[in-house]
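Worth knowing before you read on, the calculation uses all heavy atoms, side chains too, and leaves out hydrogens, waters and symmetry mates. Each ligand, and each atom within it, is numbered from 1 in the order the structure gives.
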Amino acid sequence: MIEAEKKRFTKDFTLQEPICEEGIEKAVAILKSGKIHRYNVDPDEKGEAALLEEEFAAYMGKKYCLACASCGSAMYLALKSAGVKPGDKVLCNAYTLAPVPGAIENAGAAIELVDIVDDYTIDLDDLEKKAAAPDAKWFMLSHMRGHIANMDRLMAICNAHGLVLIEDCAHTMGARWDGKKSGSFGAVACFSTQTYKHMNSGEGGLLVTDDPDLIARAIIYSGSYMLYERHTSRPGMDVFESIKTMVPNYSCRMDNLRAAILRPQLKVLDAQCERWNKRYRILEQGLNAIDGITCPRRDPREKYVGSSIQFSLTGQDEATIKRFLAECLQQGVELKWFGNKEPVGFTSAYESWRYFGTLPHLANTKRILAVMCDMRIPLTFTEDDCRLILDIIKDISATVLT
Ligand SMILES: *Cc1c(COP(=O)(O)O)cnc(C)c1O
């Protein structure tokens with residue numbers, strides 16, 4: 001019998017859609033004007049960065065927004081502006097991406113990792129235990145890969161123990177828990193507009209809060225010089241007066257060019273999220289139907305944005321998983337694996353954040369990450385592309401997974 005030709009996928013897993021015409025036109029106009037810096041505006045002119053801040057604050061239902069150079073820098077400013085001091089302990093879920101522990105280290109703080117559970121969200125029992133320690137005051141929650149924990153119980157724990165919540169919403173821009181937007185739970189929340197997230201300006205970050213003192217500190221930290229009056233998403237000038245010489249300038253600003261290409265993307269963000277979810281649901285259903293593969297159960301209160309998908313190869317050993325990944329890659333399906341001993345590409349497990357010294361052994365996180373695969377779902381993939389990817393994974397699973 002002649003073996004049927006193996007299916008192959010040829011699209012690029014890192015290719016996003018182009019910037020829309022409106023964004024390109026705005027960007028070209030700014031380039032022609034040469035006025036790219038956010039404070040390079042006429043006295044009564046609102047720059048693109050200021051307008052983006054107003055619009056994103058409105059989208060989030062928050063009072064204030066600050067546009068930053070990246071989400072990593074926004075998280076750093078959020079920690080500093082919330083009041084984290086060198087040596088303070090910051091709780092953080094152990095399943096996250098390198099810029100998150102990086103921001104904590106940048107603030108001079110110590111990290112206390114919190115375990116995760118089988119649906120990839122933070123272990124709320126472990127959080128409750130660690131939140132009860134007398135020196136637990138700060139909590140950086142990373143909604144890693146868009147998986148949202150039970151925010152009702154999580155907020156109850158924060159409130160009971162006086163934990164200040166800082167949300168990392170790099171993968172939950174546009175998502176909600178029980179109708180409430182992700183990023184509107186914490187004292188402050190940070191979003192990424194890096195190319196692989198939900199809006200694309202190459203690099204960029206957005207910080208939101210309702211706290212006038214926190215935003216005033218964040219604006220000055222971000223590098224506003226004495227030009228903070230030009231921000232329109234800010235409290236009264238009196239809030240800045242007493243701190244203006246007490247807060248250093250860390251130069252983490254966003255420029256008008258990036259803000260200009262983000263503003264039209266914000267208008268279509270919710271529609272884009274729906275497109276991601278259509279693709280996610282096709283993949284989720286197809287993957288769950290394959291023997292040996294399970295996608296995490298998602299709480300019906302979680303309105304996620306499926307810009308990537310994760311699944312577990314439960315019970316498989318390292319050699320089998322490596323063979324599965326290699327065969328998928330050979331057929332053009334690029335999966336990442338959180339179980340790798342060495343950090344690869346964008347992916348790393350908490351053991352590789354060695355600058356913190358020895359980190360604790362978290363049995364559940366290690367067990368869960370050891371079999372977790374990860375796939376991007378760029379919107380350049382059609383729904384048929386998702387079906388082809390499923391066919392390929394299914395064929396390979398049938399021969400490789402035991
Ligand atoms: C991308 C990412 C960040 C940081 O975003 P940058 O804008 O690249 O600094 C933070 N947290 C998570 C979970 C991310 O995936």
Classify the contact between [X] and ligand 1 as side chain, backbone, both or neither, using a heavy-atom distance cut-off of under 4.0 Å.
{"X": "Ser142", "value": "side chain"}
{"X": "His143", "value": "neither"}
{"X": "Val100", "value": "side chain"}
{"X": "Cys71", "value": "both"}

Compute the shortest N/O to N/O distance between [X] and ligand 1 and return yes if it is under 3.5 Å, no if not.
{"X": "Ser192", "answer": "yes"}
{"X": "Lys197", "answer": "yes"}
{"X": "Thr193", "answer": "no"}
{"X": "Thr96", "answer": "no"}
{"X": "Gly72", "answer": "yes"}

Legend entry - Atoms of ligand 1, numbered as shown, that sit under 4.0 Å from any heavy atom of Pro99: 3 (C), 4 (C)
Inset, instruction - May I ask you to list the atoms of ligand 1 that are less than 4.0 angstrom from any heavy atom of Met144? - result: 13 (C)
Legend entry - Residue selection (non-hydrogen contact nearest atom 8 (O) of ligand 1) among Gln194, Arg145, Glu203: Gln194
Inset, instruction - Would you name the heavy atoms of Tyr120 and Pro296 that are closest together and state the gap between them? - result: CE1-CG, 3.5 Å
Inset, instruction - Hey, can you tell me if Phe324 and Phe311 have their rings parallel, tilted or perpendicular (30° and 60° cut-offs)? - result: perpendicular
Inset, instruction - Nearest 0.5 Å please: distance from the CG atom of Leu31 over to the CG atom of Asn256. - result: 11.0 Å
Is it true that [X] and [Y] have a side-chain N and a carboxylate O under 4.0 angstrom from each other?
{"X": "Asp210", "Y": "Lys62", "result": "yes"}
{"X": "Arg38", "Y": "Glu48", "result": "no"}
{"X": "Glu334", "Y": "Arg376", "result": "no"}
{"X": "Lys278", "Y": "Glu274", "result": "no"}

Legend entry - Pair Tyr350 + Phe356: ring centers closer than 6.0 Å: no
